[in-house]
Visitor: 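Could you have a look at this structure, given as structure tokens, before my questions?
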Amino acid sequence: MEGFVFPVLSVIVFVPIVAGVVILFMNSEQRDLIRGVAIAAAATVFVLSLAVYIGYNAQVASVTANQEAILSDAAIQSPSTLMFKEGLAFEEHVEWVQSLGIAYHVGVDGLSVPMVLLTGMVAVAGVLISWRIEDRTREFMAFFMLLVAGVYGVFVAIDMFTLFFFYELAIFPMYLLIATWGWVQTREYAAMKLTLYILVGSVVALVGVIAMVMVAHQFFNTEAGIQIIRNAVDSGILSPSAFAADGSVRISFDMVNLTLAAENGAFNVAGYGGIQTLTFAKLWFPFIFIGFAVLAGVFPFHNWSPDGHVAAPTAVSMIHAGVLMKLGAYAALRAGVQLLPGGAEVHLPWIVFLTLVNVVYGAFIAFRQRDFKYVIGFSSVSHMGLVSMGWATMNIIGMTGAGLQMFSHGAMTALFFGCVGMVYDRAHTRDIPSLGGFIKKMPWVGLAFIIGGLTSMGMPGLSGFIAEFPIFVGMWNASPDVSLQAGGFVLSNYYSVIVILAALGIVITAAYVLRVVGQVFFGEFNAALYPEVGDIAITDRIILILLGAPLIIVGILPWVMAPLIESGVRPIVALLGGG
Amino acid sequence: MTEFNFLQSLPSVAPEIGLTILAVVVLLLDVYLPENQRRTIAYVTAVGLALLAITPIIWAPPAAGAGAENLLYWGGMVRHDTLAQIFKVMVLLAGSLSSLMAIDVKGLGRRGEFYLIIVVSTLGATLISGAADLIMVFLGLETLSIPLYVLAAFNRNDARSAEGGMKYFLFGSFASALMLFGFSILYGFSGQTNLYAIADQLSVGLGSTPIPVLVAMVLVVVGFGFKIGAVPFHFWTPDMYEGAPTPVTAFVSVASKAASFALLMRFLIAVFPNTLVLGNQDIQSFWVQLAAAMAVISMTLGNVLALSQRNIKRLLAYSSIAQAGYTLIGVAAIQAQAPLDQAQAVASVGFYMFMYVFTNILAFAVVVLFSEATGSETIADLAGLNRRSPWLALTLTVALLSLAGIPPAAGFFGKFFLFNAAVKSGLAWLAIVGVLNSIVALYYYLVVIKVMYVDRSPDEDKPIPMSSASGWVLGIPTVLVLVLGTIGAQVVFNWAVAGAVSLFAS
């Protein structure tokens, strides 16, 4: 070890927890002090997240060069895992329950760094937009901080147990925030529905991951497995503590170990469960991938999402649609595709149909909504379908696009929900036909919404284009390689058809975005109906700038983010057999 | 067994000796203390039990490698091993917190006999944690149970309390009788009363007929099933939980259950080990299947019935049935092949009980404080609790989340260890049933949390008073639940693994 290293990721995770506990011990009447602690904590983690982003961005060129060197050197064993390990930065490793292979292991790679930044942005925006909450401010801010900590924890977790720990940690504060401070009419129903959906998905995935760890452990304790671990220790992928004192291989929930098992075919051994053609990966992939993808709103498990977003208070909608849905997509990629590539190759070709339904059906439903917030809710379902579609391309271009889409959609949706919240706070209605002309009274909000809308429909020059275009290209490129087999029936080269249909979704997106913009922000303003509507406060402007600026920056300068994400997906694509 | 040495045998029963002295002290205090100083009795009991919880750690059992014969004391009556040590600490702390909880309860807090009976019952619980002989098992169980029959009906003038106590007594004595019948069969065929000697003799005495052993096993499991409140021996639970004074309910739900799980595991592993094969029948697979079946129906029935409860104590009663079901998953997982996996299965039960003791004590402590202040135990009356008393609402939330298995509360680790053990031993289906059940459970726990935080009530501007004693009884378990759920998990789990290893030592 080279002396003391500032544990930046742990600080990012624990600052919100400490802030939350401090807030709980404060006097509930000192609202401004409570808000001050909350914003200080959020700002701190945002600045640290930005530092992590900039720090990682500075070294991404060397990471990429190393990864390419690894790829081109045929002599290297387990190249994907080595590339994954190469990409990790700011790692911290502390044993937790060693006898079961549980460790607190955090770190970031190119995929998670943008997510960490996104979480920081939304955390700050969420605290600012909740500034005027007067009902039990103390509890609101404390639970919000806990939620932020949970989200951060998932994005930086490298140990699967740590990932689950924070994943479940995020669920409970979310429930209380929605049920207590949400929209009176549906909040209890929506909060419960959302919590149960997400929890069912995640616990089924948890059992799958435990089983995966067992399989990997057995695999590593064969003669060939021990040799693999020995090589991995020699090449620096694993530390020598991978071996127990008696020379056997320790059990581990670490993603690096599990990736190593996946790369060496531990999960592709035929005959799992006594069935000749079944492998572990084939059986468990759908449970693990879809179990997490529930939180990404994958059809037909998307139903909780619009209800949840609409019922939630604005800050929670922002963090929920903006960050939590990415949590689902991110964990599905990590635990599903990265650890079970053998299952991904079999199952993603049909899961892609679900994502197509997401994209097109979500857009159609969004078009039909009268409620401003439901439009955004269903648009999230539609856009998150594109992320999952990007995973299904299983090539670098498509997956990089999906990674960019996660960031772009996160900032954009948070911006949307922020705009909706600002309009609703002043107009007290979200009924689209009865609104109108708001851009005259709230030019900032109108402008921000239009930027978000243009991003959403994939306008070049904004981040949406940078994200969606590669997904479509990736799908098109993947088309010749992918085929779906069911019994004697073989379907091949159908990704190209899916791309064309998915592109239709973009057209519909344009239609509903323009409809909302036209009806809410343009047209006649009814001053008698909405006497309170005026321009927004300075804090609100900060929110709009914070969330809107990245859309433009990434749109114009895609190289500030694309290489990062590419370095993050490269090992995963290599695991899937691509170049 | 080594030669009897009085002084060397004393440490193995140090807590029991201390408890006997404490019982006498409490009795004397009850007689001599004037009315205005009677709160002292509660403090003496609570502090005394808490101090006694240190004794099993001071006089620790011999190290694991010492050989099984060095673990048996008092003519083979008790076994002084790490598993007994853990469970003794557990029940002593449970007794301590339950006594502290009772301090401000009307009609209970100043009655010296209440504390006396709690101490005696704790004595029974510590005895069965380390019992290694049929006679000691039965003696310990009755020492644990008979005081509890009395306590359940402590509010003599309350019809619910009398009904609950009566049901508990009738079911209990019936279960004891059946279990005793099972013991007699085991004794009849083996001629041994020591748990660790029975297994060897059974194969000699029985030859190749497993039937009598199975009958005995079922009868014994009936007795334990009653004590842990598993379906189908759970019928006493809701009425007794609802009727008994709440501190008693808390004590029954944790101390009695935890000690019984210790005994259950020790009994099954010692008397029906996996080496016991009669007529080509592997005897262990029978009790594993029995435990798995009881786990499934206990979890499912407990959780489903809890959904419709309106009384918080009844809800916790059904939830405790379900919790017994989860714990039985760990018992079934003892069928694992590798010794390490077996030990981890036992350890997962130990850890689960350890965290469950504090979680349930915490939940009942909030119920005690709430019902003393408001006179109500219905869930709907918890409305607005967050506004009335933020700390009560928060601590009950922590307890319910722990029961539901949501981090950072200890229940997450507890459930994780159990399901992990189940998957390791090839019972992945049982883990799936368990996690699906925990979703059902989360629903009704969340409903209670929702009532406290979301619902409004006309009384919400009336704060709930709290004494310093109640601060301790809320604070200690809350901190422990959170520590066990985060940084403390490793320590306690390793301790439980050591206990499990000592359990298998022979």
Side-chain angles (χ1 to χ4, degrees), chain A residues 17 21 24 28 94-102 104 135-136 138-139 142-143 146 149-150 153 161 164-172 175-182 184 187-188 191-192 195-197 199-200 202-214 217 251 253 273 287, chain B residues 340-341 343-344 347-348 351 386-387 390-391 393-394 397 400-401 404-409 412-413 415-417 419-426 428-432 434-440 442-443 445-447 449-455 482 485-487 489-494 497:
Chain A
I17 293 179
V21 173
L24 273 180
S28 61
V94 181
E95 292 299 342
W96 201 347
V97 182
Q98 199 175 22
S99 54
L100 292 180
I102 296 171
Y104 169 81
D135 175 25
R136 287 175 281 171
R138 177 176 67 179
E139 276 83 358
F143 291 137
L146 209 56
F161 181 87
F164 272 106
F165 185 88
F166 285 110
Y167 196 92
E168 312 272 321
L169 182 67
I171 289 178
F172 154 70
Y175 170 82
L176 262 191
L177 285 168
I178 297 178
T180 312
W181 288 275
V184 178
R187 61 190 182 188
E188 289 174 23
M192 187 61 88
T195 309
L196 294 183
Y197 259 86
L199 209 72
V200 171
S202 71
V203 293
V204 172
L206 175 62
V207 176
V209 168
I210 295 176
M212 187 196 290
V213 170
M214 303 300 154
H217 183 56
I251 192 164
F253 276 80
F287 293 103
Chain B
L340 182 67
D341 292 349
Q344 285 181 350
S348 70
F351 183 90
N386 174 238
R387 292 168 202 268
W391 287 108
L394 194 70
T397 303
L400 294 176
L401 289 179
I406 301 287
F412 180 66
F413 263 107
K415 285 213 169 65
F416 178 82
F417 291 150
F419 298 150
N420 191 46
V423 173
K424 264 189 185 170
S425 66
W429 66 272
L430 198 53
I432 296 272
V435 296
L436 294 180
N437 256 295
S438 62
I439 307 278
V440 178
L442 181 70
Y443 174 80
Y445 295 131
L446 277 185
V447 166
I449 295 176
K450 184 216 72 169
V451 169
M452 293 190 297
Y453 277 86
V454 182
D455 290 359
L482 292 176
T486 49
I487 48 176
Q490 154 127 307
V491 178
V492 175
F493 187 72
N494 286 349
V497 170

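Note: hydrogens, waters and symmetry copies are ignored here, and every other heavy atom, side chains too, is used. The chains referred to below are lettered A, B, ... by the order of the sequence lines, with proteins before strands, and numbering in each begins at 1.
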Visitor: Identify which part of Phe412(B) has an atom lying under 4.5 Å from any heavy atom of chain A, answering side chain, backbone, both or neither.
Guide: side chain
Visitor: Check each atom of Leu199(A) against the heavy atoms of chain B and say whether the ones under 4.5 Å are side chain, backbone, both or neither.
Guide: both
Visitor: Can you find a heavy atom in the side chain of Phe253(A) that is under 4.5 Å from one in the side chain of Asn420(B)?
Guide: yes
Visitor: Would you mind checking which part of Ile171(A) comes under 4.5 Å of any heavy atom in chain B, side chain (CB onward), backbone (N, CA, C, O), both or neither?
Guide: neither
Visitor: For Val97(A) versus Ala489(B), what's the shortest heavy-atom pair and its separation?
Guide: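 Taking Val97(A) first and Ala489(B) second, the nearest heavy atoms are CG2-CB, 4.3 Å.
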Visitor: By a 4.5 Å heavy-atom criterion (distance strictly below it), what part of Glu188(A) contacts chain B: side chain, backbone, both, or neither?
Guide: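 The side chain, not the backbone.
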Visitor: Heavy-atom distances under 4.5 Å only: say whether Leu394(B) touches chain A with side chain, backbone, both or neither.
Guide: side chain
Visitor: Answer with side chain, backbone, both or neither: which region of Val440(B) has an atom nearer than 4.5 Å to a non-hydrogen atom of chain A?
Guide: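 Looking at Val440(B), nothing touches chain A.
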Visitor: With a 4.5 angstrom heavy-atom cut-off, is it the side chain or the backbone of Leu146(A) that approaches chain B, or both, or neither?
Guide: neither
Visitor: Over all heavy atoms of both residues, which pair between Pro408(B) and Leu169(A) is shortest? Give the atoms and the distance, please.
Guide: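 Between these two residues, the closest heavy atoms are CD-CD1, 3.1 Å.
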Visitor: Side chain, backbone, both or neither: which part of Ile251(A) has a non-hydrogen atom closer than 4.5 Å to chain B?
Guide: side chain
Visitor: Below 4.5 Å from any heavy atom of chain A, which atoms of Leu446(B) appear? Answer side chain, backbone, both or neither.
Guide: both
Visitor: Taking Arg136(A) for the side chain and Tyr453(B) for the main chain, is one N or O donor matched with an acceptor at less than 3.5 Å?
Guide: yes
Visitor: Taking the side chain as C-beta and beyond, is there a heavy-atom pair between Phe419(B) and Val203(A) under 4.5 Å?
Guide: no
Visitor: Walk me through it: do Val423(B) and Val213(A) pass the test side-chain contact (heavy atoms from CB on, under 4.5 Å)?
Guide: CA-CA 10 Å; Val423(B) 173; Val213(A) 170; over 6 Å; no
Visitor: Just verifying a value: how many Å separate Lys450(B) NZ and Thr180(A) OG1, rounded to the nearest 0.5 Å?
Guide: 10.0 Å
Visitor: Taking atom CZ of Phe172(A) and atom CG of Leu442(B), what is their separation to the nearest 0.5 Å?
Guide: 10.0 Å
Visitor: Which region of Phe143(A), side chain (C-beta onward) or backbone (N, CA, C, O), has a non-hydrogen atom less than 4.5 Å from a non-hydrogen atom of chain B, or is it both or neither?
Guide: side chain
Visitor: Mind checking ring-ring contact (aromatic ring centres under 6.0 Å, His included) for Trp96(A) and listing every partner two or more places apart, or none if nothing turns up?
Guide: Phe161(A), Phe165(A), Phe413(B)
Visitor: Let me confirm one number: the CZ-CD1 distance from Phe287(A) to Ile432(B), rounded to the nearest 0.5 Å.
Guide: 7.0 Å
Visitor: Can you name the nearest heavy-atom pair linking Ser99(A) to Asn494(B), along with the distance?
Guide: OG-OD1, 3.7 Å
Visitor: Please give me the minimum heavy-atom distance between Glu168(A) and Ile406(B), naming the atom from each residue.
Guide: O-CG2, 3.8 Å
Visitor: Check whether Thr397(B) gets within reach of chain A through its side chain, its backbone, both or neither, counting any heavy atom under 4.5 Å.
Guide: side chain
Visitor: Mind checking whether Lys424(B) and Leu100(A) have side chains closer than 4.5 Å, heavy atoms only?
Guide: yes
